[in-house]
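All values derive from a computational prediction rather than experimental measurement. In the text below, chain A, chain B and the rest are named by the order of the sequence lines, each starting its count at 1. Both backbone and side-chain heavy atoms feed into the values below; hydrogens, waters and symmetry mates do not.
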Amino acid sequence: MPFTASNQVFAMVDGNNFYASCEGVFQPSLKGKPVVVLSNNDGCIIARSNEAKTLGIRMGAPFHTVRDLIQRGKVKVFSANFILYGDLSARMMHLLGQFTPHLEIYSIDEAFLDLTGFQHLGLRRYGQDIKRSIQQWTGIPISVGVASTKTLAKLANHIAKKSAKANGVLDLTRPQYIERALSLVTVGDVWGIGRRYGDRLKGYGIHTALDLSRAKDDWLMKTFPVSMMRTVLELRGINCIKLESQVPHRKSIVVSRSFGALEPSLSELMQSVAAYTARAAERLREAQLATSMLSVFIRTNSFREYLPQYSNSALIELAVPTQSTSELIQAAQKALTRIYREGYEYHKAGVMLLNLVPASQIQQSLFDTVDRQKSERLMTAIDQINTDFGSGTLQFAAEGLRPRWRMKQERRSPRYTTSWEELAIVKA
DNA sequence: TCTGGGGTCCTAGGACCC
DNA sequence: TCTGGGGTCCTAGGACCC
């Protein structure tokens, strides 16, 4: 018996074309029109409405390579507006929480729901209820996949989104349907199998999720990392990946940006690194964490093979975990001077905070020269002002004023839900 | 001209120690 | 000059996810 019945029931819910759908929530005139959303720096396509997909605009395509398609197809183009998407996401997750005792928020637009014990309600009907509710209260269309493991729920969701018959909801808990479903899904579309493993598997004659579920265990174990075996067991209905409703605290915080066409000078690199550090430190305090290790990296544009290439990073350890922006900016600038070399066109820089610990665990060191309590009060005050009066109201001098290197965002929609200046205007 | 950003996990291999 | 095995820890790089 390849497919084990399990009592567990998971639903995987995600927003269809989430970012593009978010743009449509406050602009009903976009309905039925092709819409795309661009990455930071307006670099490439990160979301497409169904109509934009039909035009042949590929996910991840650099903006400039699809400019023609976009003009011909009269596609509406937006710069990413993550504040808006985050807010709509929070509303969606809040509603989903009312449908389950255990919710795992997996990404900005995806969640797993524990529906174990809900079978008597009719899982398909329950899924339709969820879908209707989210559509009604947020305006976001979603898809729902239901199955006995998270990997199968993902797969059910994948089919639900594509099949007209499913109408956005697929219940895959009954074993007799699983084989057929697995045969419909390309191996590369299975959760946990990416491009590389997908190609390798095809090389071995494994083309569908069904083929993969039938592969030999010992061969899998010696050919791939253990994560592959987990995926295969999950496809067979054996639970290996638990629902995580209590998210463990994150292990790293990264803030990085590319500079686009600009070639920053050393002083501009210094400013940008200071600004990224300040942003990372804000997120650190928001999560009530502290860091004792900071890494800075810079690199040239690897797409331009004809130019001299350079990429390096430097790690700075701090004696005591800290949340202080000024302390971190000092460390970051020290790291940058270590790795900076003249004569290169830098394309990207970033700051990583590592070794994160709960802020409550910070212990004063004997050799500590910083007055931590004073620094903490200052940071709290700065964060509060920036929350109340808008991000960037107060900033550190090291970040520079009106810098050239700030990213391009020429087509951002208003922050309808989070900014007083940008509320939707209703004409009656 | 123009190619995102932010995460996690796993493994291999080196350094080091006994 | 050649010669051992085993354990731990760390890091870099590769793979995956959204």
Side-chain angles (χ1 to χ4, degrees), chain A residues 12-15 17-19 36-47 57-68 70 77-82 85-86 89 104-112 150-151 154 157-158 187-201 221-231 240-241 244 247-263 276 279-280 283-284 287 293 295 297 299-305 307 311-315 317 345 347-356 407-411:
Chain A
M12 154 43 61
V13 171
D14 72 349
N17 315 325
F18 187 69
Y19 298 160
V36 298
V37 177
L38 302 177
S39 65
N40 285 331
N41 268 321
D42 293 347
C44 57
I45 309 286
I46 57 170
I57 298 171
R58 282 188 359 271
M59 182 68 173
F63 185 36
H64 66 96
T65 65
V66 288
R67 204 170 277 249
D68 277 2
I70 281 173
V77 181
F78 294 90
S79 300
N81 184 349
F82 290 111
Y85 311 151
S89 166
E104 174 183 341
I105 298 172
Y106 178 67
S107 75
I108 192 164
D109 75 319
E110 290 175 278
F112 289 101
K150 285 167 88 174
T151 304
K154 268 275 204 181
N157 177 295
H158 180 81
V187 73
D189 289 335
V190 173
W191 188 43
I193 314 284
R195 261 293 292 285
R196 283 288 158 74
Y197 291 156
D199 288 349
R200 274 179 66 193
L201 286 164
M221 284 301 283
K222 71 169 192 269
T223 315
F224 295 97
V226 288
S227 43
M228 179 67 80
M229 192 69 230
R230 268 201 296 269
T231 296
C240 301
I241 307 173
E244 296 194 37
V247 188
H249 79 70
R250 59 165 96 228
K251 299 177 175 171
S252 63
I253 291 173
V254 179
V255 176
S256 70
R257 296 280 180 279
S258 43
F259 300 111
L262 176 82
E263 295 142 34
Y276 305 159
R279 179 74 196 110
R283 281 166 46 189
L284 187 71
M293 205 191 258
S295 163
F297 67 86
R299 73 166 68 114
T300 51
N301 189 348
S302 57
F303 287 104
R304 301 193 172 188
E305 292 165 6
L307 288 177
S311 159
N312 207 348
S313 68
L315 207 60
E317 280 190 67
E345 291 185 7
H347 174 247
K348 188 170 184 175
V351 173
M352 300 174 75
L353 305 181
L354 305 159
N355 275 7
L356 306 188
M407 68 182 174
K408 212 161 61 168
Q409 267 199 324
E410 287 168 354
R411 305 151 184 267

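- Where A:F224 and A:N301 meet DNA chain B, the nucleotide closest to each residue was compared, and A:N301 sits on the side nearer the 5' end.
- Classified by interplanar angle (parallel below 30°, tilted 30° to 60°, perpendicular above 60°), the ring pair A:Y197/A:F224 is perpendicular.
- Note on A:V37: nothing from the nucleic acid sits closer than 4.0 angstrom, heavy atoms only.
- One interatomic measurement links the two molecules: CZ of A:R200 to P of C:dG14, which rounds to 14 Å at whole-angstrom precision.
- Looking at which nucleotide of DNA chain B each of A:F63 and A:V226 is closest to, the 5′-most match is held by A:F63.
- A straight line from CG of A:D42 to P of B:dG4 spans 12 Å, rounded to a whole angstrom.
- Checked against B:dT3, B:dG5, B:dT11, the side chain of A:N41 finds its nearest nucleotide in B:dG5.
- Using a 5.5 Å limit on the distance between ring centres and a 30° limit on the angle between planes, the aromatic ring of A:F303 counts as stacked on the six-membered base ring of B:dT3.
- Residue A:K154 has a polar side-chain atom (N or O) positioned under 4.0 Å from OP1 or OP2 of C:dC18.
- C:dC17 and B:dT3 have their P atoms separated by 25 Å, given to the nearest Å.
- The heavy-atom pair separating A:E345 from A:R304 by the smallest distance is OE1-NH1, 3.7 Å.
- When heavy atoms are screened at a 4.0 angstrom cut-off, A:L38 is found touching no nucleic acid atom at all.
- A:N157 has its side chain out of reach of A:E110: every pair of non-hydrogen atoms, C-beta onward, lies at least 4.5 Å apart.
- Note on A:R230: a side-chain N or O is less than 4.0 Å away from OP1 or OP2 of B:dC10.
- Considering only side-chain atoms of A:R283, the nucleotide from B:dG6, B:dT3, C:dC18 that sits closest is B:dG6.
- Atom CZ of A:R283 has more than 12 neighbouring heavy atoms from other residues, nucleotides or ligands inside a 6.0 Å radius.
- Heavy atoms of other residues, nucleotides or ligands lying less than 6.0 angstrom from CZ of A:R196 number 12 at most.
- Regarding A:E244, its CD atom lies at a distance of 12 Å from the P atom of B:dT8, rounded to whole Å.
- Searching all strands for a Watson-Crick or G-U wobble partner of C:dG7 with both distances below 3.5 Å returns B:dC16.
- Summarising the geometry, the separation between CG on A:L354 and P on C:dT11 is reported as 10 Å, rounded to the nearest angstrom.
- Residue A:M59 qualifies as enclosed at atom CE: its count of foreign heavy atoms under 6.0 Å is above 12.
- Of the residues in residues 249-259 of chain A, not one places a heavy atom less than 4.0 Å from an atom of DNA chain C.
- Note: A:F112 and A:W191 have tilted aromatic rings, judged against thresholds of 30 and 60 degrees for the angle between ring planes.
- Taking atom CZ on A:F18 and atom P on C:dC18, their separation rounds to 15 Å, with Å as the unit.
- Rounded to whole Å, the distance from CD on A:E345 to P on B:dT1 is 13 Å.
- Of all the heavy atoms in A:Y85 and A:S79, the pair that sits closest is OH-O, 4.0 Å.
- Rounded to a whole Å, the CD atom of A:Q409 is 13 Å from the C1' atom of B:dG5.
- OP1 and OP2 of B:dT3 both lie 4.0 Å or more from every side-chain N or O belonging to A:K348.
- In this structure, A:Y19 places its OH atom 12 Å from P of C:dC18, rounding to the nearest Å.
- Set against C:dC17, B:dG4, C:dC16, the side chain of A:Y106 has C:dC17 as its closest nucleotide.
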